[in-house]
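Worksheet for the structure shown next.
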Amino acid sequence: TDSFDKIYTIDAFQHFNVRNAIAEFQRVLATKGSLVICTFFAHKRENFYDLLQLFPRPTILSDNDDEKNAALPEVVEILKEYGFSKIQII
């Protein structure tokens, strides 16, 4: 099967459906591959829409039908659900 050793998403992850994107990353990533997500995250769900107000329109989670997963704690939990380990937040 085709797979990738590294996947990078830079300033784009906030536009993805979190659960769908992570599932797809896990599906196509090689067993010992690396996933790098570089984007902004709200540290708490309740701050997410306040954070979006800082950006020009249209800054929308265009494919996100489950925006409750947009904050960092929820993203980390979904990464763990899909078997990602060694999660580093910088």
Side-chain angles (χ1 to χ4, degrees):
T1 65
D2 291 332
S3 61
F4 298 92
D5 293 328
K6 293 184 172 121
I7 297 175
Y8 297 93
T9 172
I10 300 172
D11 290 333
F13 191 79
Q14 70 271 15
H15 298 286
F16 302 158
N17 176 293
V18 174
R19 188 168 294 281
N20 292 348
I22 292 172
E24 184 65 8
F25 295 152
Q26 189 272 337
R27 185 184 76 77
V28 301
L29 195 61
T31 303
K32 296 199 182 233
S34 298
L35 169 63
V36 176
I37 300 172
C38 178
T39 194
F40 67 88
F41 285 106
H43 287 278
K44 296 180 182 175
R45 182 183 311 158
E46 54 271 14
N47 300 125
F48 181 72
Y49 285 102
D50 292 337
L51 180 65
L52 281 183
Q53 299 309 310
L54 300 174
F55 297 93
R57 295 283 182 225
T59 302
I60 305 274
L61 295 174
S62 59
D63 184 35
N64 197 333
D65 60 355
D66 194 8
E67 65 276 349
K68 71 181 183 192
N69 294 323
L72 187 58
E74 288 84 3
V75 171
V76 169
E77 286 306 311
I78 294 170
L79 285 165
K80 289 178 183 176
E81 279 179 39
Y82 281 91
F84 288 92
S85 60
K86 299 181 186 175
I87 299 169
Q88 297 179 344
I89 300 168
I90 300 172

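All values reported here derive from a predicted model rather than from experimental measurement.
I10 and V75 are assigned to two separate hydrophobic clusters, defined by single-linkage of ILVMFWY side chains at heavy-atom distances under 4.5 Å.
We find the OG1-CG distance between T31 and D5 to be 10.0 Å, quoted to the nearest 0.5 Å. Separating the CZ atom in R19 from the CD atom in E74 is a distance of 10.5 Å, to the nearest 0.5 Å. Atom CZ of F13 and atom SG of C38 lie 12.0 Å apart (nearest 0.5 Å). Between the CD atom of E24 and the CD1 atom of I7 there is a distance of 8.0 Å, given to the nearest 0.5 Å. Remark: Y82 OH to I22 CD1 distance equals 8.0 Å, nearest 0.5 Å.
Between F84 and the options V76, I78, L29, a side chain to side chain contact (heavy atoms under 4.5 Å, CB included) holds for only L29.
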**Message:** Assess the residue pair I87 and K80 against the criterion (side-chain contact (heavy atoms from CB on, under 4.5 Å)); give the C-alpha distance rounded to whole Å, side-chain angles, the decisive distance to 0.1 Å, and a yes or no.
**Reply:** CA-CA 8 Å; I87 299 169; K80 289 178 183 176; 3.8 Å; yes

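Looking at L35 and F4, their side chains never come closer than 4.5 Å, going by heavy atoms from C-beta outward.
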